[in-house]
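See structure below.
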Amino acid sequence: MSSDNRPRALDDEHYRQAMAAVERTLDKLRACSPDEKRKLHGELHSLQEMLRKLTAGRIEIAVFGEISTGKSALINALVGQAVAQVDVQGGWTREIWHVPWDGSGYCVPGLADSKVVLVDTPGLNEVGGQDRALMASQAAQQADLILVVTDSDLNETEYTALAALAQVNKPIILVLNKIDLYSRDQRARLLDVLAAERVADLVPTENIVAVAADPREVEYVIESPDGTQRREWRKPVPDVEQLKVRILEVLAAEGKELLTLNAAMYAADKSDRIAAVRVELRDRRARQVIASYAGLKAVAVAFNPVAVVDVLGGTAIDVTMVVTLAHIYGLELSTVHARSLVTSIIKAAGWVMLGEMTTHVLSSSFKGLTLGFGTVLTAVPQGAAAGYGSFVVGQAAKFYFEHGSSWGGEAPKTVVRRILQETDKSSVLEQLKDEIRAKMHFNPHARKNTEE
Ligand SMILES: Nc1nc2c(ncn2[C@@H]2O[C@H](COP(=O)(O)OP(=O)(O)OP(=O)(O)O)[C@@H](O)[C@H]2O)c(=O)[nH]1
Ligand SMILES: [Mg+2]
């Protein structure tokens, strides 16, 4: 600690920057709406955890590998006692869990209370699928150093997992376990193949280490002073010294940088995720608002049929919709502004849309007349067409707000035209018609009026 009782690490520029990055992202989260917060609950938790990790100087070493390669046994051997459950039955470890490595001998410079923690994970090919894969990727994200354990030449699954882990830009040590099962020659050949062929691009040779975490019992011949011999099965002590040395070398060279860089990267990643969730939620709410106002307009027009030309007439409904949309994007828009936005969108939509709508309404109403249910069948397509008009106005306004109250460098006409092209018009119209019909169904009085 320095004289003002702060950990000395705080004097380190990178450490301070990382801390600030995590705190900034946490602030961003705190400023989210309740809906967004609900969706980002996991992120809040993991960021707080990352802050604690950084503050305490907790280095995490995550251990990955296929089932039964000896991950748990390796953790026991490193820690020097049986803390993790080891079993011949594959799929033994089912949860991720943290094992403090008290005797690691490493301390983050400037953080006297720092700790090294080993993270045991379920086997990569463990059945139980996606949840586990997600757990594994979260553990990898939090980790500062990664151990990948194998007990033979890498198979396809192991290689794919290793390649994916290498993407996260953290040091990886490839651990060849169970070397007691191989002869000296086999072991040397295996290490050669791994280094030169399998992982040449992913793991530097000095990070490929052979160990025996839980060697099989061997039969010893014990000779007594009197010359008699007896045979005894004994378990040799684990051989993980070389790995310990390599881990300590990596940590000594870059432990603190790993801790800080990792926290900063983590914060940046979560910050992107927060932004993505906000966009997604806003988008969903905006689409809901547009759909419900379009429905409202459709029903209103259907129940008070207007002239075909009025299909594009901006109404109070459109203006209210645009004000509501602006709110979703965190903007305050006066009714006057909203009305002028609606007007400019309608102008941009112009004859293209009017043409489309007129054809639609006219052809439908002719069909209606020949069937003899004149008014009701005219009211439905007219209402649907009006609703479609609001739908397009809403979509255009949404684009406008998404682009920081601008047309994103394009002419409003181009934007509206694209919206028209990209909209599945008949499905929107069908939906609106359904809404109108449903209302008529529930309102016998209205039905009588329109059928008369
Ligand atoms: N011969 C030999 N066997 C080992 C060694 N290390 C582990 N084993 C054995 O391999 C089996 C699996 O070990 P675990 O540590 O449970 O393997 P794990 O990777 O944690 O397995 P899961 O948790 O099921 O994914 C056990 O029977 C261990 O005794 C080793 O160095 N040599
Ligand atoms: Mg295990």
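Every number for a ligand or one of its atoms is a count from 1 in the order of the listing. Values below: all heavy atoms of this structure, side chains included; hydrogens, waters and symmetry mates excluded.
A donor-acceptor contact under 3.5 angstrom links the side chains of D120 and S72, judged on distance only. Side-chain atoms of S406 and H403 include no donor-acceptor pair closer than 3.5 Å. Q17 and E13 share a donor-acceptor pair across their side chains, judged by distance under 3.5 Å alone.
Although no hydrogens or angles enter the test, the distance criterion places a donor-acceptor pair under 3.5 Å between the side chain of T324 and the main chain of T320. The closest donor-acceptor contact from the side chain of N177 to the backbone of T69 lies under 3.5 Å.
Residue contact annotation: S68 places no N/O/S atom under 2.8 Å from the Mg ion (ligand 2).
Applying the 4.0 Å criterion to heavy atoms of A212 picks out, from ligand 1, the atoms 31 (O). If you number the atoms of ligand 1 from 1 as listed, the ones under 4.0 Å from a heavy atom of G123 come out as 25 (O).
Taking the six-membered ring where tryptophan is involved, the planes of W407 and Y400 are tilted, since the angle between them lies from 30° to 60°.
Considering backbone and side-chain atoms together, G70 places an N or O closer than 3.5 Å to an N or O of ligand 1. Here's the thing with P122: none of its N/O atoms is less than 3.5 angstrom from an N/O atom of ligand 1.
Considering each of P236, P238, A73, the one bringing a non-hydrogen atom nearest atom 7 (C) of ligand 1 is A73. Relative to atom 1 (N) of ligand 1, the option among V240, T121, D180 with the closest non-hydrogen atom is D180. One option in S72, A210, S68 has a heavy atom closer to atom 20 (O) of ligand 1 than any other, and that option is S72. Scanning R216, K178, E217 for the heavy atom closest to atom 8 (N) of ligand 1 points to K178.
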Under 3.5 Å, which donor-acceptor pairs do the side chains of residues 214-224 form with other protein atoms, sequence neighbours left out?
{"residue": "D214", "atom": "OD1", "partner": "K235", "partner atom": "NZ", "Å": "2.9"}

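At a heavy-atom cutoff of 4.0 Å, ligand 1 is contacted by the side chain of L181 but not by its backbone. Counting heavy atoms closer than 4.0 Å to ligand 1, residue N177 contributes side-chain atoms (C-beta onward) but none from N, CA, C or O.
Not close to ligand 1: G65, with no non-hydrogen atom less than 4.0 angstrom away.
Judged by the 6.0 Å distance and 45° axis criteria, K270 is positioned over the aromatic ring of Y266.
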